[in-house]
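To start, the structure under review is shown below, and the notes come after it.
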Amino acid sequence: MTGSAALFRPFPLFGTELRNRIAMAPMTRGRIPPSGAPDSLTVDYYTQRASAGLIICEGTCPLPGGECSTGVPAIHGDDHVAGWAAVTRSVHEAGGHIAIQLWHAGRVSSMDWQPDGGAPLGPSAIRAAGARIRDRTGRAREPDMPREATRGEIQGLIDGFAHAALNAVAAGFDGVELHGANGYLLHQFFSDNANQRGDAYGGAPANRIRFAIEVAEAVTAAIGKARVGIRISPLSGYQAAKVSDPDRLYPLLTEELSRIGLAYVHCVEGEPGGARVTDPGDISGFDFVALRRAFDGAWIANNFYDWARAERAVARGNADMVSFGRPFIANPDLVARLRAGKPLAAINPDTLYAPGGLGYTDYPALDDADA
Ligand code: PHB
């Protein structure tokens, strides 16, 4: 591994130049105060990791009712914008770039997270059996029975995403990532086991992608297509959502996203925390390489990549960037460690969601002398 490796080459994204092709994947850390506004601890955490070519911050709630856990940030209020502005300023001062992930939990939520105390919104009134959320007291439980979103509510969600994207730009983010993966709202619309609508948003793949396409259109209209990406997980069954026809739905989705001119697709090859799929091209007959080739924008690959696999993917043009999740938790200076061929520290699983800085901002970088 050398400094001239493919992953260390700069990459143009969001109308700027990222200094390398190593992205920090979005990860829920549960440290955000109850207001949803990041504080100085969040500033420290992301600034420590600013040598990533791109930080994609933890899933952030675009509008009230999209939450499904405690300690999660939001971006619908002025206090949220102010909190995130301190984060983006500090990351930029450190020479880094940062995108916000807009995460709406949809049916994977509970009544106590809803502004009206009613059922959470989903594509259909089908419970996410076996999924796990936390209620406002932090207790882990199954989601509540959702309510089928009306056409008016679907439009409200789309408008909420666009408003959140405008707030994100006001907060200084370089770009916005729509969370279309892992069983949450956009993925619920893709999934025929969660979406059994009889209208234009359900049924055939062209209908199941409609909500995501309309969100992408609204967000790109608000902040410009060059600033918008999306995360997808074609094979994931996480949080009880499953697309039964990924080989039909995802090529259609990426084709439409190309038409809109989205800046990037961030693709989870498998499921978060689950086993990674084997080499792209030979997973359950699903062809990730073909999907990548059919998309005109940039491609960020994810899930349990190690250095050699990541380097190979970028060198072969199967990805423009590779995102790393867990390695960034215990190695704030992951890029420097990879560059120097130094060993990586292991995470402490017991402090992943601990309160305060424990297991959050206390993982040390290598000494300058060592690096
Ligand atoms: C999680 O909090 O465990 C989580 C959140 C969003 C994801 C995946 C996992 O996309």
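All ligand and atom numbering here is 1-based and tracks the order in the structure.
A salt bridge does not link Asp333 to Arg339: none of the charged side-chain nitrogens sits closer than 4.0 Å to a carboxylate oxygen. A salt bridge links Glu217 to Arg259: at least one charged side-chain nitrogen sits closer than 4.0 Å to a carboxylate oxygen.
Without hydrogens or angle criteria, Ser110 side chain to Asp135 main chain gives no donor-acceptor distance under 3.5 Å.
In this structure, Lys242 places its NZ atom where more than 12 heavy-atom neighbours from other residues, nucleotides or ligands lie under 6.0 Å away.
For atom 2 (O) of ligand 1, the nearest non-hydrogen atom from the set Thr28, Val268, Asn182 belongs to Thr28. With Arg29, His179, Gln101 as candidates, the residue nearest to atom 10 (O) of ligand 1 on a non-hydrogen basis is His179. Checking Trp103, Tyr238, Tyr353 against atom 9 (C) of ligand 1, the nearest heavy atom belongs to Tyr238.
The shortest contact between atom 6 (C) of ligand 1 and any protein heavy atom is with Tyr184 CE1, 3.5 Å.
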Using the rule given for side chain to side chain contact (heavy atoms under 4.5 Å, CB included), can you reason through Asn195 versus Gln188, listing the C-alpha separation, both sets of side-chain angles and the distance that settles it, and then say yes or no?
CA-CA 6 Å; Asn195 177 359; Gln188 290 160 25; over 6 Å; no

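Residue contacts with ligand 1 do not include Arg231, since none of its heavy atoms lies under 4.0 Å from the ligand.
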